[in-house]
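Reviewing the structure listed below.
Here the structure is a predicted model, which means the values were calculated and not measured.
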Amino acid sequence: MIPQLPTELKVSIFKHADKSSLLTVMRANSAFHDIAEPIVYSTVRLTPFVRHEGVADATIACFHVLVARPTAAAAVRCLILNFHQERDTYLHPGIVGTVFEALQSALPKLLYLEKLIISHWGAYLMGPDLLPSLPLHSLRHYRGPPELLKDIQSRDLVNLRICSSGPRFEPTYRALLAAACYNGWKLRVLELDHSGDNSNETALELISDIHGLFPNLRYLGLGVWVELTNGLQMQDNVDRIAKEISKFQDIRLFSISDIWGIMVVSQRPLVQSLHAGCQQLRAICLDSEEWRFSEDIQRWITIGYTLKSPDNPPVWKAADYRQYLVDPESDGFVYNSFDY
């Protein structure tokens, strides 16, 4: 019965199947293979260094398939690489090297790759020059270490989230300069995470530099770049940050992590100060607590506030910050982040 169905219906049916079932379908006949292959390879998730060397072998085999089969490589839209290595797992250095050699040969084949996510890029990996000059011209979303970003060539990048396992200010700054060279005016999301190895003064100056590089941001996340302390120092930093981010005319979302929630009892004064200095803000995330500005009641609210009364959840929903985003699914706050 399925062979007689229109192709559009077959695609719809296959999209609801798991990957193991689709691999079986691909072996049925050439027609099913051509329909199922783009679905199988649209999102590729790989964890090569977890559990045992067999997983690494499977990862290498996947990269070899992408090199050997242009149709499979052309189907990849999202590549997620988790380089986490379990402590009780021993991997021969040769295996690690072979994985990255295979990755290096496969990435240039991904002509239509739109999203690249890399987690657990540790110091034990093979250095910043591992994947030089990546011609990923269709890439729109990058999330990963700064060392690789400086070699990625894309004029369509709109969503950039730089993450690292430790403080790396210089590589991060070089990555920002590299991204700006291609399409700084297009970038609408910039998030920096775990990079606070610099002084407050340097971090605050960086915000001004970011405006020069990426003037049209709608969301700016600063991770733990700025350390706030109690007293006048904290208020001074908040006021300076608000002044700097107010230069972004299109900015609607702002976030900063960890230190904000730890050092103060109430976040509301910080949120109000940021809004006073940058009135175009409509959503703020401080230490994973989300605040939204309600146009209906003209005040900042949290999810805790909205649950106090049965009349308030609609107010929270009406203040959904996603209405200000170009891509509501990917341009907003990310709470379920990888452990870098």
Mind checking the [atom1]-[atom2] spacing from [X] to [Y]? Nearest 0.5 Å is all I need.
X	Y	atom1	atom2	answer
Asn159	Tyr142	CG	OH	12.5 Å
Ile207	Ile241	CD1	CD1	5.0 Å
Ile117	Cys78	CD1	SG	5.0 Å
Ser294	Arg282	OG	CZ	10.0 Å
Arg322	Glu329	CZ	CD	6.5 Å
Ser138	Arg155	OG	CZ	13.0 Å

Should we say atom [atom1] of [X] is surrounded by more than 12 heavy atoms from elsewhere, each under 6.0 Å from it?
X	atom1	answer
Lys186	NZ	yes
Gln249	CD	no
Lys247	NZ	yes
Gln323	CD	yes

Could you see if [X] belongs to whatever hydrophobic cluster contains [Y]? Use Ile, Leu, Val, Met, Phe, Trp, Tyr and a side-chain cutoff under 4.5 Å.
X	Y	answer
Leu177	Ile162	yes
Val158	Tyr324	no
Leu217	Tyr173	yes
Leu113	Val67	no
Ile118	Leu66	yes

What I'd like to find out is whether the side chain of [X] reaches to under 4.5 Å of the side chain of [Y], using heavy atoms alone.
X	Y	result
Leu110	Leu139	no
Val65	Tyr41	yes
Arg218	Val326	yes
Leu206	Leu192	yes
Leu281	Ile245	yes
Val99	Leu81	no
Arg240	Asp236	yes
Arg77	Lys115	no

Between [X] and [Y], what is the shortest heavy-atom contact and its length?
X	Y	result
Pro215	Gly184	CD-O, 4.0 Å
Cys163	Pro146	O-CD, 3.8 Å
Arg161	Gly332	NH2-O, 2.9 Å
Ala242	Cys278	O-CB, 3.8 Å
Ile152	Tyr182	O-CE1, 3.9 Å
Tyr112	Ala74	CD1-O, 3.5 Å

_Candidate pair Gln280 and Arg252, rule side-chain contact (heavy atoms from CB on, under 4.5 Å), full reasoning_ = CA-CA 6 Å; Gln280 58 264 47; Arg252 296 297 182 269; 3.4 Å; yes
*Could you give me the CA-CA distance, side-chain angles and deciding distance for Arg45 and Asn82, then say whether side-chain contact (heavy atoms from CB on, under 4.5 Å) is met?*
CA-CA 8 Å; Arg45 301 173 183 266; Asn82 184 344; over 6 Å; no
*Run through Ile251, Leu160, Asp250, Asp327 and flag the one making a side-chain contact (heavy atoms from CB on, under 4.5 Å) with Arg188.*
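For Arg188, the side-chain contact (heavy atoms from CB on, under 4.5 Å) test succeeds with only one of Ile251, Leu160, Asp250, Asp327, which is Asp327.
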*Picking from Val271, Leu253, Ile256, Leu270, what satisfies side-chain contact (heavy atoms from CB on, under 4.5 Å) with Ile284?*
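With Ile284 as partner, Val271, Leu253, Ile256, Leu270 yield a single side-chain contact (heavy atoms from CB on, under 4.5 Å), made by Val271.
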*What is the ring orientation for Phe83 with Phe100, classed by angle as parallel under 30°, tilted 30 to 60°, or perpendicular over 60°?*
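Rings of Phe83 and Phe100: tilted, as their planes differ by 30° to 60°.
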_Leu136 and Leu79: CA distance, side-chain angles, deciding distance, side-chain contact (heavy atoms from CB on, under 4.5 Å) verdict_ = CA-CA 12 Å; Leu136 303 178; Leu79 176 61; over 6 Å; no
*Would a line drawn from the ring center of Tyr321 to the ring center of Tyr219 be shorter than 6.0 Å?*
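No, ring centres 6.0 Å or more apart.
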*Decide salt bridge (charged side-chain N to carboxylate O under 4.0 Å, His left out) for Glu191 and Arg143; before the verdict, give the C-alpha distance in whole Å, the side-chain angles of both, and the deciding distance to 0.1 Å.*
CA-CA 9 Å; Glu191 186 173 41; Arg143 187 176 182 207; 5.3 Å; no
*Is it true that a side-chain atom of Ser42 and a backbone atom of Ile39 form a donor plus acceptor pair closer than 3.5 Å?*
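Indeed, once roles are kept as given, a pair shorter than 3.5 Å links the two residues.
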*asked:* Between Trp316 and Glu290, does the side-chain contact (heavy atoms from CB on, under 4.5 Å) criterion hold? Intermediate values first, please.
replied: CA-CA 11 Å; Trp316 174 261; Glu290 182 183 320; 3.7 Å; yes
*Apply the test ring-ring contact (aromatic ring centres under 6.0 Å, His included) to residues Phe214 and Phe248: give CA-CA distance (whole Å), side-chain angles for both, the deciding distance (0.1 Å), then the verdict.*
CA-CA 9 Å; Phe214 312 108; Phe248 298 90; 9.0 Å; no
